[in-house]
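Written below as structure tokens is the structure these notes are about.
Just so you know, ligand 1 is whichever comes first in the structure, and atom 1 is the first atom listed for that ligand.
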Amino acid sequence: MPKTYLDYAATTPCDPKVVKAMSGFLKKDFGNPSSIHNFGQKASMAIGGAREVLAEFLGCESEEIVFTGSATEADNLAIFGVVKAAKVAQPHLITSQIEHPAVLESCRALAGQGAQVTYLSVGKDGVVEIAELKKALKSNTVLVSIMYANNEVGTVQPIAEIAEVIKKTNPKTLFHTDAVQAVNFLDCDVKKLGADLLTLSGHKIYGPKGVGALYIKKGTPIEPIIYGGGHERGLRSGTENVAGIVGLGQAIKEIQNPKSKIQNIRIRQFRDKLIKTILKIIPASRLNGSLAQRLPNNVNISFDGAEGEAIVVALDQKGIAASTGSACSSGSLEPSHVLLALGLSEEVAHGSLRMTLGKYNTAKDVEKVIKVLPVVIQKLRKISGYSQS
Ligand code: PLP
């Protein structure tokens, strides 16, 4: 049975050009970039090249990029690193209720060590209220961390506006944004965004797993969270994942290719068709999160009387791979913290399905979902005894 993959927010396959760019660095060009011989220098130059590609994409200097082992690590470095360097007796942090666990759990750990954390709520549309942020900023607010685009419902935050409010209210407060889900689709120029720190990940953009990056604006006080040989200007010790970094650089190059814009238009058309048709043909279904402020590839819909996990399993049996929320939280039967923050009841949050599209999807995939999903929902509703009154 041909498989339909609709879980691009969880991870993406590597672009063949990424695989090609990486392969030499897994075989003949295997040198340690810290070695001074030719093998090492070749590896070191390849890292430098990838750093320049990322810098151009983000509109920053190459020295402002730190490669990490994942976006989770980049988020941790941004949060713990900034708080450590601030040396404030009781630091205050602001984040939102809908962040990825890489941010939420870092904040929670700091709260356990005495930091104060404000978790901004979001409206029904999944967007942070600027007025609430303004009110939350205090003289001891060391860092604000708000994601650019949400991994579950795809809502896009007004990052430039958020940065402006922070800098006007308290210029010393630093601003971090997790742009992992935004990179494929949105302008990530850090100057336009006004971010001091920005996180991205390789495996969400047709690059390899196990590599991420953190943009750190020059002059930002930050301390490492990993100590060792002083790689990445002392901010991330550990021999660099050369092939991974090269792959990340190539993935960014592919995003900059004009072809990527055309692919994104197609992805948006598929998304719109899915949302419109599903809401029309399946009764008691609703879209979660704003339609206007939404990533072009995200469909997140709740169905009364059908359980999310059961929908995902039934779709998988029909050759469609989707998800109930983020890959990190699947396997847990807790309702999504993002959907609860949007104001959904636990019951409705349990009945949600996330489908995230990517550049390898075709019109046939969309047709298949439109054909299969109503049958799956109807069957599950019958089993659960759901009746629309
Ligand atoms: N931040 C967001 C918004 C994500 O969606 C993810 C992955 O699901 C991460 C961070 C973590 O990325 P990584 O798998 O590279 O650690």
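- Under the rule for a ring pair (Phe, Tyr, Trp, His ring centres under 6.0 Å), the partners of F39 that lie at least two apart in sequence or sit in another chain are F30, H37.
- Considering both main-chain and side-chain atoms, A71 comes within under 3.5 Å of ligand 1 through a nitrogen or oxygen pair.
- Near S70, with a cut-off below 4.0 Å to any heavy atom, the atoms of ligand 1 are 15 (O), 16 (O).
- At least one donor-acceptor pair under 3.5 Å links the side chain of Y5 to the backbone N or O of D7.
- The residue from T177, L200, T72 that puts a heavy atom closest to atom 16 (O) of ligand 1 is T72.
- No more than 12 heavy atoms of other residues, nucleotides or ligands sit less than 6.0 Å from atom CD of E347.
- Counting only N and O atoms by type, the side chains of S336 and E152 include a donor and acceptor under 3.5 Å apart.
- Not counting sequence neighbours, Q378 has no partner by the side chain to side chain contact (heavy atoms under 4.5 Å, CB included) test.
- Within the 4.0 Å heavy-atom criterion, the part of S201 lying near ligand 1 is the side chain and not the backbone.
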(Q) Between Y360 and Y206, is the ring-ring contact (aromatic ring centres under 6.0 Å, His included) condition met? List the steps. (A) CA-CA 10 Å; Y360 300 122; Y206 308 95; 5.8 Å; yes
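- For ligand 1, the atoms sitting less than 4.0 Å from at least one non-hydrogen atom of H203 are 13 (P), 14 (O), 15 (O), numbered in the order shown with element in parentheses.
- No heavy atom of E73 sits closer than 4.0 Å to any atom of ligand 1.
- Counting atoms of ligand 1 from 1 in the listed order, those under 4.0 Å from a heavy atom of N151 are 3 (C), 5 (O).
- Close approach to M147 involves these atoms of ligand 1, each under 4.0 Å from a residue heavy atom: 3 (C).
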